Amino acid sequence: IRTELSVFTGVDTVHGGQSDLALVIYPSPERFYLLGLATSEFGVEREKETTTTVNGVSTTETRVERDKDTYRFNIQIGRNIQNWTLRGGLIESTGGLGVDYHWNRLGTTLSFEVFDYRDDIGPNFRLILEAHIWNVLYGRIYGEDLAEDSRSATLSAGLRFTDEDLKGLIGFFL
C-alpha cells in the first residue's frame, strides 16, 4: 500500500479563495482510492423563489443566494492504465467522472472532469493542467464551467507528499 497527501491553495476569478486537501491510497500500482476536502470562499449560487398572495394578488420574488465558506467532499475510485487514469465518484460532493493523462518526463498532468449536473445549465466541465515545479511543490491552473458564460479560472500552488516524504518529515520532527 502506498499513500500520497496533497494540499493546494489558490484564487479563483469568480469564487474567491479555494483550497484542496487530498489523500490518495494505492492498494496496488494500478488502482487507487481518493479521499478529499475542497473549500471555497464563496459557494455555488442557488435561486430561491417565493410566492406571496395578498388580497388575491400573487407576486413572485426570485432571490439568488450564495453560501460563504463552503466545504465539499471528494470520494473517488480510479484505475491507472499506462499514462491514463480513469476515475469516478463524488467530485465536490456531486457525482462525476474524470480522466487524466500523465506526461511523466515533463512532470505534467492534464485532467478533464465532468460533475455537478444542474437542470438549468447542465454539467460542470473542468480542465486542469498540473505541473511539478520542484521537489514537493506543484502548480495548477484550471478552468471551470467551460461550456457556460459563467466560466472561471483558478491558479493555485500546492505541496504533494509521498510515503517517503512523510517518513522523512516525521523523523525530522521526532
Side-chain angles (χ1 to χ4, degrees), residues 1-28 30-51 60-81 83-102 108-131 138-161:
I1 292 181
R2 186 173 61 93
T3 59
E4 204 173 80
L5 179 67
S6 64
V7 177
F8 279 85
T9 189
V11 65
D12 186 90
T13 58
V14 174
H15 304 293
Q18 294 191 336
S19 298
D20 297 306
L21 172 70
L23 175 66
V24 183
I25 302 168
Y26 294 91
S28 67
E30 73 278 349
R31 292 183 299 126
F32 67 89
Y33 304 102
L34 184 144
L35 305 170
L37 178 68
T39 68
S40 68
E41 188 176 338
F42 296 104
V44 178
E45 289 182 350
R46 292 187 315 271
E47 287 187 3
K48 185 176 183 180
E49 190 172 287
T50 306
T51 303
T60 302
E61 178 186 0
T62 303
R63 291 187 321 187
V64 175
E65 296 179 346
R66 179 179 271 185
D67 294 333
K68 287 189 125 191
D69 301 322
T70 59
Y71 297 94
R72 296 173 308 274
F73 298 97
N74 295 315
I75 302 171
Q76 299 173 35
I77 186 170
R79 184 163 185 92
N80 296 323
I81 303 169
N83 290 352
W84 294 91
T85 299
L86 305 172
R87 54 193 165 79
L90 289 180
I91 299 176
E92 296 190 2
S93 297
T94 62
L97 299 170
V99 62
D100 311 320
Y101 183 78
H102 307 279
T108 304
T109 301
L110 181 65
S111 303
F112 180 72
E113 297 177 337
V114 178
F115 64 100
D116 190 19
Y117 181 81
R118 293 155 288 181
D119 288 335
D120 54 343
I121 61 173
N124 183 351
F125 295 107
R126 181 188 289 167
L127 187 63
I128 306 167
L129 180 64
E130 182 177 293
Y138 287 78
R140 185 186 286 173
I141 185 166
Y142 59 88
E144 286 197 64
D145 277 329
L146 295 177
E148 298 302 317
D149 292 335
S150 61
R151 66 181 69 82
S152 68
T154 301
L155 178 64
S156 61
L159 303 172
R160 178 170 293 140
F161 301 101

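This is a predicted model, so every value here is computed, not measured.
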[atom1] of [X] to [atom2] of [Y]: how many Å apart, nearest 0.5 Å?
| X | Y | atom1 | atom2 | result |
| --- | --- | --- | --- | --- |
| Y33 | T3 | OH | OG1 | 15.0 Å |
| H102 | L110 | NE2 | CG | 10.0 Å |
| Q18 | T39 | CD | OG1 | 7.5 Å |
| Q76 | L86 | CD | CG | 12.0 Å |
| E49 | E61 | CD | CD | 10.0 Å |
| L23 | F161 | CG | CZ | 13.0 Å |

Going by heavy atoms in the side chains, are [X] and [Y] under 4.5 Å from each other?
| X | Y | value |
| --- | --- | --- |
| I1 | I25 | yes |
| L155 | T13 | no |
| L34 | R87 | no |

Determine the minimum heavy-atom distance between [X] and [Y], stating which atoms define it.
| X | Y | answer |
| --- | --- | --- |
| F115 | G96 | CB-CA, 3.9 Å |
| W84 | V99 | CE3-CG2, 3.8 Å |
| V114 | P123 | CG1-CB, 3.8 Å |
| S152 | V14 | CB-CG2, 3.5 Å |
| S19 | T9 | OG-OG1, 3.1 Å |

Can you tell me if [X] uses its side chain to pair, donor with acceptor, with the backbone of [Y] under 3.5 Å?
| X | Y | result |
| --- | --- | --- |
| T109 | E130 | no |
| S156 | G10 | no |
| N74 | L35 | no |

*Determine the interplanar angle of the F32 and Y26 rings, folded into 0 to 90°, and report it as parallel if under 30°, tilted if 30 to 60°, perpendicular if over 60°.*
tilted
*With distance as the sole criterion, is a donor-acceptor pair present between the side chains of S40 and T70 under 3.5 Å?*
yes
_For a quick check under 3.5 Å, do T94 and E92 share a side-chain donor-acceptor pair by atom type?_
no
*Please assess L37 against F73 for the test side chain to side chain contact (heavy atoms under 4.5 Å, CB included), listing each intermediate value before the final yes or no.*
CA-CA 5 Å; L37 178 68; F73 298 97; 3.6 Å; yes
*Can you sort out the partners of D145 under salt bridge (charged side-chain N to carboxylate O under 4.0 Å, His left out), two or more places apart, ordered by chain and number?*
R118
*Partner of D20 by salt bridge (charged side-chain N to carboxylate O under 4.0 Å, His left out), out of R160, R140, R72*: R140
_Could you go through L5 and L159, starting from their C-alpha distance and side-chain angles, then the distance that decides it, and tell me whether this counts as side chain to side chain contact (heavy atoms under 4.5 Å, CB included)?_
CA-CA 8 Å; L5 179 67; L159 303 172; over 6 Å; no
